[in-house]
Number of protein chains: 2
Amino acid sequence: MPYDPSAFAPFAVTVDLVVLTVRRHALCALAVRRGESPFQGRWALPGGFVRPDEDLSQAAARELMEETGLRAHDPDAPAQVNGAHLEQLATYGDPGRDPRMRVVSVAHLALAPDLPAPRAGGDANSARWAPVEDLLQQGGYGRDGEQAAPLAFDHARILADGVERARSKIEYSSLATAFCPPEFTVGELRRVYEAVWGVALDPRNFHRKVTGTPGFLVPTGGTTTRQGGRPAQLFRAGGATLLNPPMLRPEV
Amino acid sequence: MPYDPSAFAPFAVTVDLVVLTVRRHALCALAVRRGESPFQGRWALPGGFVRPDEDLSQAAARELMEETGLRAHDPDAPAQVNGAHLEQLATYGDPGRDPRMRVVSVAHLALAPDLPAPRAGGDANSARWAPVEDLLQQGGYGRDGEQAAPLAFDHARILADGVERARSKIEYSSLATAFCPPEFTVGELRRVYEAVWGVALDPRNFHRKVTGTPGFLVPTGGTTTRQGGRPAQLFRAGGATLLNPPMLRPEV
DNA sequence: GTGTTTATCGTCAGGAAGACGACTATGATC
DNA sequence: GATCATAGTCGTCTTCCTGACGATAAACAC
């Protein structure tokens with residue numbers, strides 16, 4: 001007898017978060033230490049079960065708030081203080097990805113400005129911002145000499161997908177401003193691009209590009225010298241979300 | 001007592017397919033008529049439950065084969081006859097999207113060359129290729145005078161997301177060749193772009209662009225006059241998957 | 001003041017794209 | 001068979017964008 005298409009097996013559905021930020025010129029992701037088996041003591045992406053009455057995006061926003069205190073931006077609302085960009089990334093449902101049961105995880109990508117130390121939440125013993133380079137390299141040693149154990153479950157794959165999404169999306173959208181505080185300078189925005197892409201950009205051409213794209217940056221009138229050197233103009237993110245023509249990621 | 005984060009509610013997980021093709025200069029999607037309640041008699045996207053032992057992409061490939069007879073391309077394998085491009089699109093899990101139970105649907109996007117009439121499969125009474133314009137317009141009348149009822153569930157939203165993904169992806173990838181037979185002419189490829197984007201492109205500039213992009217097209221040596229006019233060179237899709245610089249979608 | 005750092009403006013050459021003219025090779029029609 | 005319509009293909013020209021890089025400006029450290 002063929003498979004009954006009306007039958008279905010129950011699945012557990014979770015949301016996992018790839019929360020990215022730029023700290024000290026490095027692209028970092030939020031990692032939590034697992035307090036339970038499986039993968040007890042290993043680092044993992046924050047996440048949790050979707051509740052029966054909430055949408056996937058609601059569940060992701062709730063987890064983000066629990067882990068970081070960040071409110072997710074309504075895509076239609078203007079930028080606000082202490083908000084983060086949040087979007088669905090992809091869904092991972094390999095039958096063997098969780099040894100306990102069949103779990104389908106809807107991964108989300110969040111981009112946040114530089115934050116104070118993370119606060120632990122949920123069942124995590126601790127949480128930290130770690131350079132994605134450290135989290136993704138297998139078998140190496142992290143900055144503090146700690147053995148860099150691979151992330152739990154398939155979270156390395158999920159993190160890699162999230163990083164690649166962020167890298168490509170700042171090319172053709174104004175999303176890089178999500179890594180910046182509400183007011184920022186052209187130089188700070190350039191350092192975001194440099195950290196996310198891992199390349200050095202020409203400050204003069206970058207300045208011409210971003211200030212010449214209508215709707216990308218809005219000058220606030222203020223200036224700052226917090227980066228040292230000559231005072232720099234402060235900008236807010238403009239209404240434009242799509243950059244046309246895009247910002248080109250250098251070859252190689 | 002707060003919510004127990006270790007508890008989870010069981011969900012049903014399905015895959016839904018947005019299968020796109022180009023027929024008679026129009027972007028068309030595969031729609032199946034629902035044979036069961038809810039939305040009995042309405043058009044919907046093909047799909048079905050994920051089985052306990054299969055991955056999400058396997059489930060999508062299986063559904064695609066059941067509905068169209070198309071084999072999904074292995075992304076790493078070269079193009080083959082009767083194959084279609086298949087990729088994950090997004091996941092939809094609004095609590096109220098299916099009145100029967102909590103269903104999370106992992107939508108996939110498939111791009112196929114022009115095919116003979118579809119064959120019905122599963123619990124669908126019938127299947128057809130319908131212009132996406134007809135499927136997405138609400139309350140109008142289709143080409144055959146039939147009242148254009150909205151698609152079942154949230155499938156209009158899923159279809160719209162899939163169409164937008166296809167429209168943007170052919171800009172910077174060679175994916176448009178997935179709509180073409182194994183051998184095709186520059187003009188046929190141009191008509192694909194015109195149908196997907198709904199614009200007219202300059203044949204001379206298009207020819208210069210696609211033949212000047214290394215790795216995009218490989219001449220087979222043959223020619224054809226199946227489009228009338230002067231014989232045109234035949235090409236196969238080359239190995240390049242990313243177009244740099246991209247094909248630019250005209251403004252407006 | 002001198003040096004260092006960062007920001008900002010300007011110049012120039014090369015490449016890509018839009019607009020469009022011109023020519024070519026078929027089949028269809030008179 | 002001449003003519004016409006249809007598609008395909010090659011070029012030209014202008015404009016815009018980018019990468020490379022010189023030069024100036026405004027702060028701070030000493």
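Residue numbering restarts at 1 for every chain, and letters A, B, ... go by the order of the sequence lines.
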Note, Arg190(B) side chain near His207(B) side chain (heavy atom, < 4.5 Å): no

Tyr172(B): ring-ring contact (aromatic ring centres under 6.0 Å, His included) partners, not counting sequence neighbours: none

Rounded to whole Å, please give me the gap between CG in Leu243(A) and P in dC17(D). 13 Å

Can you name the nearest heavy-atom pair linking Ala29(A) to Leu135(A), along with the distance? CB-CD1, 4.0 Å

Phe206(B) CZ to dC20(C) C1', in whole Å, measures 18 Å

His207(B) side chain near dG8(D) phosphate (N/O to OP1/OP2, under 4.0 Å): no

With a 4.0 Å cut-off on heavy atoms, is Arg226(B) in touch with a base, just the backbone sugar-phosphate, or nothing at all? nothing

Please state how far atom CZ in Arg249(A) lies from atom C1' in dT18(D), giving the value in whole angstrom units. 17 Å

Just how far, in rounded Å, is C1' of dC16(D) from CG of Asn244(A)? 13 Å

Check ion pair Asp161(B)-Arg157(B) (N to O, under 4.0 angstrom): yes

Nearest whole Å is fine: how far is dA7(C) P from Gln233(A) CD? 12 Å

Using 4.0 Å as the upper bound for N to carboxylate O, is an ion pair formed by Arg249(A) and Glu164(A)? yes

At under 4.0 Å, does any side-chain N or O of Arg230(A) touch on OP1 or OP2 of dT24(D)? no

Closer than 4.0 Å, any side-chain N/O of Arg191(A) to the OP1 or OP2 of dA7(C)? yes

Let me know the distance between CZ of Phe235(A) and C1' of dT8(C), rounded to the nearest Å. 10 Å

Round to the nearest Å and state the distance from Leu234(B) atom CG to dA7(D) atom P. 17 Å

Please tell me which of Asp202(A) and Thr225(A) maps to the more 5' nucleotide of DNA chain D, matching each residue to the nucleotide holding its nearest heavy atom. Asp202(A)

Please state how far atom CG in Leu201(B) lies from atom P in dG8(D), giving the value in whole angstrom units. 13 Å

Go through dG19(D), dA7(C), dC21(D) for me and flag the one nearest to the Thr185(A) side chain. dA7(C)

Between dG22(D) and Arg204(A), counting only base atoms on the nucleotide and side-chain atoms on the residue, is there a donor-acceptor pair under 3.5 Å? yes

Is the distance from OP1 or OP2 of dA16(C) to the nearest side-chain N or O of Lys209(B) less than 4.0 Å? no

By nearest nucleotide on DNA chain C, pick out whichever of Met247(B) and Gly228(B) is the more 5' one. Met247(B)

Report the residue (Gln227(A) or Arg208(A)) whose heavy-atom-nearest nucleotide on DNA chain C is the more 5′ of the two. Gln227(A)

